[in-house]
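Here's the structure we're looking at; comments come further down.
Nothing here was measured: the structure is a model prediction, and the numbers come from that model.
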Amino acid sequence: MLAAVLLAARAAWRLRKRRRTPAEQREADARARMAGRRATDYALENIREEERAHIARELHDDLGQLLATLRVDMSLLTQAMTATPVDEHTRELLAGMDQRLLSAITSLRRIASNLRPHALDEGGLYFALQSLRNDFEERHGIPCQLDASESALVLSDRYSTAIFRIVQESLTNIARHAAARHVRIRLRRHPGMLHITIEDDGRGIHQADMDKPASFGLLGMRERVWAIRGDIAITGSARGTTIDIHLPLPE
């Protein structure tokens with residue numbers, strides 16, 4: 001009889017232990033929804049990146065080659081016309097056409113690079129970030145320091161693309177809103193983790209700006225970080241804005 005009572009008490013204790021409180025159940029449901037959302041975000045982002053890469057290749061291989069061929073033909077035509085008298089208006093027309101073709105080729109390369117940076121495929125993440133930094137400095141005249149090791153940034157295409165896009169979006173936000181005089185990007189790799197810090201000395205972001213529904217740049221950064229199960233913290237002060245990101249890396 002005593003043994004039976006002990007067994008019944010033990011079974012009841014186990015049952016109570018397994019039963020969750022309403023608050024615990026809500027928390028578990030929230031975690032499950034968040035995990036499902038992040039998995040969906042990751043899948044959608046992969047699809048978008050694949051589509052961007054496909055469009056970039058089509059632009060470069062088809063339209064880019066066509067424009068380059070047209071410019072070569074234009075150069076040959078201009079050279080051939082030097083042997084025959086041509087009025088000044090025709091020469092100016094040809095020169096203007098050549099300049100417009102060059103502008104079209106430059107725009108096409110910029111669009112294709114925004115869709116899928118060739119530097120990622122040609123030299124990896126470190127080289128791509130160097131190119132991104134140089135382009136940022138040239139376009140906006142803001143000094144940008146990249147503090148990273150090439151060996152630490154040997155990552156899979158999935159992670160390299162996500163990190164590049166995160167840094168790219170950060171620099172875009174800084175150029176548009178921060179009025180900064182200097183930017184610093186640091187990437188540090190630790191066992192199983194990559195730590196990214198992006199700092200500027202601009203006006204500093206306010207909490208109200210981070211919570212705006214129209215802050216698509218910040219939203220996109222967060223979604224990219226969350227899609228690979230990382231953490232992101234954005235803080236602003238009178239001294240500027242700091243973005244801290246921790247990304248778990250596959251073993």
Check: Looking only at heavy atoms, what is the nearest atom pair of Ala162 and Ile228, with distance?
Finding: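 The answer is CB-CD1, 4.0 Å.
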Notebook entry, point to check: What heavy-atom pair brings Gly230 and Pro248 nearest, and what distance separates the two atoms?
Noted result: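 Scanning both residues, the minimum pair turns out to be CA-CD, 3.7 Å.
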For [X], all residues meeting side chain to side chain donor-acceptor pair (under 3.5 Å), sequence neighbours excluded:
X: Arg186; answer: Glu199
X: Asp73; answer: none
X: Arg188; answer: Asp147
X: His195; answer: Thr197, Asp244

Check: Of all residues at least two apart in sequence or in a different chain, which pass the ring-ring contact (aromatic ring centres under 6.0 Å, His included) check with His182?
Finding: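 Residues passing ring-ring contact (aromatic ring centres under 6.0 Å, His included) with His182: none at all.
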Next item on the list: Check for a donor-acceptor pair, side chain of Glu137 on one end and backbone N or O of Pro143 on the other, with a separation under 3.5 Å.
Entry: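 Flag not set: sc Glu137 to bb Pro143 has no pair under 3.5 Å.
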Between [atom1] on residue [X] and [atom2] on residue [Y], distance to nearest 0.5 Å:
X: Ile205; Y: Ile234; atom1: CD1; atom2: CD1; answer: 6.0 Å
X: Met221; Y: Ile198; atom1: CE; atom2: CD1; answer: 5.5 Å
X: His140; Y: Arg176; atom1: NE2; atom2: CZ; answer: 9.0 Å
X: Thr161; Y: Arg224; atom1: OG1; atom2: CZ; answer: 9.0 Å
X: Ile166; Y: Ile232; atom1: CD1; atom2: CD1; answer: 7.0 Å

Checking [X] now: which residues fulfil side chain to side chain contact (heavy atoms under 4.5 Å, CB included) with it, not counting sequence neighbours?
X: Arg139; result: Arg110, Asp135
X: Ala180; result: Ile174, Ala178, Asp200, Asp201
X: Ala152; result: Ser149, Arg189

Next item on the list: Please test Thr241 against Thr235 for side chain to side chain contact (heavy atoms under 4.5 Å, CB included), starting from the C-alpha separation and ending with a verdict.
Entry: CA-CA 6 Å; Thr241 300; Thr235 56; over 6 Å; no
Same hydrophobic cluster for [X] and [Y], using side-chain heavy-atom links shorter than 4.5 Å among ILVMFWY?
X: Val154; Y: Leu120; answer: no
X: Leu93; Y: Leu101; answer: yes
X: Leu70; Y: Ile111; answer: yes

Margin query: Can you list, by chain and residue number, the hydrophobic cluster partners of Leu102 when the side-chain cut-off is 4.5 Å?
Written below: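 Traced through the cluster, Leu102 reaches no other member.
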Taking atom [atom1] as the centre, does [X] end up with more than 12 heavy-atom neighbours from other residues, nucleotides or ligands that are less than 6.0 angstrom away?
X: Glu150; atom1: CD; value: no
X: His89; atom1: NE2; value: no
X: Met74; atom1: CE; value: yes

Next item on the list: Name all pairs fulfilling the ring-ring contact (aromatic ring centres under 6.0 Å, His included) condition that reach into residues 145-171, sequence neighbours left out, sorted by first residue then second.
Entry: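 Pairs touching residues 145-171 that pass the test: none.
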Margin query: Listing request: all salt bridge (charged side-chain N to carboxylate O under 4.0 Å, His left out) pairs with a residue in residues 94-108, at least two apart in sequence or in separate chains.
Written below: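 Salt bridge (charged side-chain N to carboxylate O under 4.0 Å, His left out) check on residues 94-108 returns Arg71-Asp98.
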List, one per line, each side-chain donor-acceptor pair under 3.5 Å for residues 127-134, sequence neighbours excluded.
{"from": "Gln130", "atom 1": "OE1", "to": "Arg133", "atom 2": "NH2", "distance (Å)": "2.9"}
{"from": "Gln130", "atom 1": "NE2", "to": "Tyr126", "atom 2": "OH", "distance (Å)": "2.8"}
{"from": "Ser131", "atom 1": "OG", "to": "Phe127", "atom 2": "O", "distance (Å)": "3.1"}
{"from": "Asn134", "atom 1": "ND2", "to": "Gln130", "atom 2": "O", "distance (Å)": "3.2"}

[X] versus [Y]: any side-chain heavy-atom pair under 4.5 Å?
X: Ile185; Y: Leu171; result: yes
X: Phe136; Y: Thr172; result: no
X: Asp231; Y: Ile245; result: no

